[in-house]
Amino acid sequence: MGDHAPLNSSSPARPPRPLWLKLLALSLLILSTAGWLRMGGSILRWNTLQAIGADPGPLYMAVTGLFLGTLAMAASIAIWIRAKWAPLFTQIFIVLWLAWLWIDRAFFASSPNALANWPFLLGASVLVLAIVFLVLQRGRKHFL
């Protein structure tokens with residue numbers, strides 16, 4: 001049940017997952033949960049969101065939550081099972097997610113304060129990109 005191949009297996013044993021790879025998979029799982037909660041919350045409160053004139057609306061929130069939940073979960077699972085395509089998929093997903101985050105705040109958010117903390121958001125975005133790319137680069141040998 002651990003990170004090693006069974007003793008009777010003819011395939012070579014994989015090195016155990018390092019802590020930082022486990023933390024990346026967990027972080028993606030948490031991001032996935034946020035997406036599913038966004039989708040579920042918008043569906044549960046659909047009528048209320050329409051009644052108060054939420055902009056861009058419950059459909060947008062449900063669809064974006066579905067995409068975020070699905071893609072982040074796929075990246076998390078791919079990293080956990082150490083699929084060959086996991087590093088590239090995760091890097092592309094993170095870049096697209098951060099791009100969407102910025103586009104969403106700049107063009108779709110109805111709050112005038114959506115970009116009020118843009119310097120912090122920029123720093124956090126760069127930090128997330130750097131950490132994810134570094135972790136996946138250091139972990140290349142774990143995806144063979």
Could you pull out the closest heavy-atom pair between Pro119 and Ala116, with the gap in Å?
CD-O, 4.3 Å
Evaluate the criterion side chain to side chain contact (heavy atoms under 4.5 Å, CB included) for residue pair Leu66 and Val63; output intermediate values, then yes/no.
CA-CA 5 Å; Leu66 172 68; Val63 169; 5.6 Å; no
When rounded to the nearest 0.5 angstrom, what is the spacing between CZ in Phe93 and CG in Leu88?
14.0 Å
Applying ring-ring contact (aromatic ring centres under 6.0 Å, His included) as the test, list every pair that has at least one member in residues 115-141; sequence neighbours left out.
none
With the side chain counted from C-beta on, respond yes when Arg105 and Asn117 share a heavy-atom pair under 4.5 Å apart, and no when they do not.
yes
Going only through I, L, V, M, F, W and Y residues with side-chain contacts under 4.5 Å, is there a path from Phe67 to Leu98?
no
Looking only at non-hydrogen atoms, find the nearest pair between Ile79 and Ala25 and report the distance.
CG2-CB, 4.0 Å
Straight-line distance of Leu24 CG to Ile131 CD1, nearest 0.5 Å
9.5 Å
Calculate, to the nearest 0.5 Å, the distance between atoms CH2 and CD1 belonging to Trp97 and Ile94 respectively.
6.0 Å
Applying the 4.5 Å side-chain criterion to the ILVMFWY set and letting contacts propagate, would Ile77 and Ile92 be lumped into a single cluster?
no
Heavy atoms only: give me the nearest Pro58-Leu49 pair and the separation to one decimal.
CB-CD1, 3.9 Å
What one should report as the nearest heavy-atom pair of Pro16 and Arg82 is C-NH1, 4.1 Å
Flag yes if more than 12 heavy atoms outside Phe89 fall under 6.0 Å of its CZ atom; otherwise flag no.
yes
Name every donor-acceptor pair, under 3.5 Å, that has one atom in a side chain of residues 26-39 and the other anywhere in the protein, sequence neighbours excluded.
from  : atom 1 : to    : atom 2 : distance (Å)
Ser27 : OG     : Leu23 : O      : 2.8
Ser32 : OG     : Trp36 : NE1    : 3.1
Ser32 : OG     : Gly69 : O      : 2.7
Thr33 : OG1    : Leu29 : O      : 3.0
Trp36 : NE1    : Gly69 : O      : 3.4
Arg38 : NE     : Met61 : O      : 3.3
Arg38 : NE     : Thr64 : OG1    : 2.9
Arg38 : NH2    : Thr64 : OG1    : 3.1

Given side chains that start at C-beta, do those of Leu122 and Trp102 come closer than 4.5 Å, heavy atoms only?
yes
Contact between Leu21 and Pro18 at the side-chain level, heavy atoms closer than 4.5 Å - yes or no?
yes
Is there a path of hydrophobic side-chain contacts, each under 4.5 Å between heavy atoms of I/L/V/M/F/W/Y residues, joining Ile81 to Val135?
no
Closest approach of Trp85 to Ala74 (non-hydrogen atoms, all atoms of both residues):
CH2-O, 4.5 Å
If you apply the rule side chain to side chain contact (heavy atoms under 4.5 Å, CB included), what do you find for Val95 with Trp100, and how did you get there?
CA-CA 9 Å; Val95 168; Trp100 167 72; over 6 Å; no
I'd like to know whether Leu59 forms a side chain to side chain contact (heavy atoms under 4.5 Å, CB included) with Trp46, so could you lay out the CA-CA distance, the side-chain angles of the two residues, the decisive distance to 0.1 Å, and finally the verdict.
CA-CA 8 Å; Leu59 179 61; Trp46 192 282; 3.7 Å; yes
Applying side chain to side chain contact (heavy atoms under 4.5 Å, CB included) to Leu96 and Gln91, what does each step give before you reach the verdict?
CA-CA 9 Å; Leu96 291 176; Gln91 289 170 338; over 6 Å; no
Can you tell if the side chain of Leu101 reaches within under 4.5 Å of the side chain of Leu121, non-hydrogen atoms only?
yes
Cluster link Leu127 to Leu136, ILVMFWY, side chain under 4.5 Å:
yes
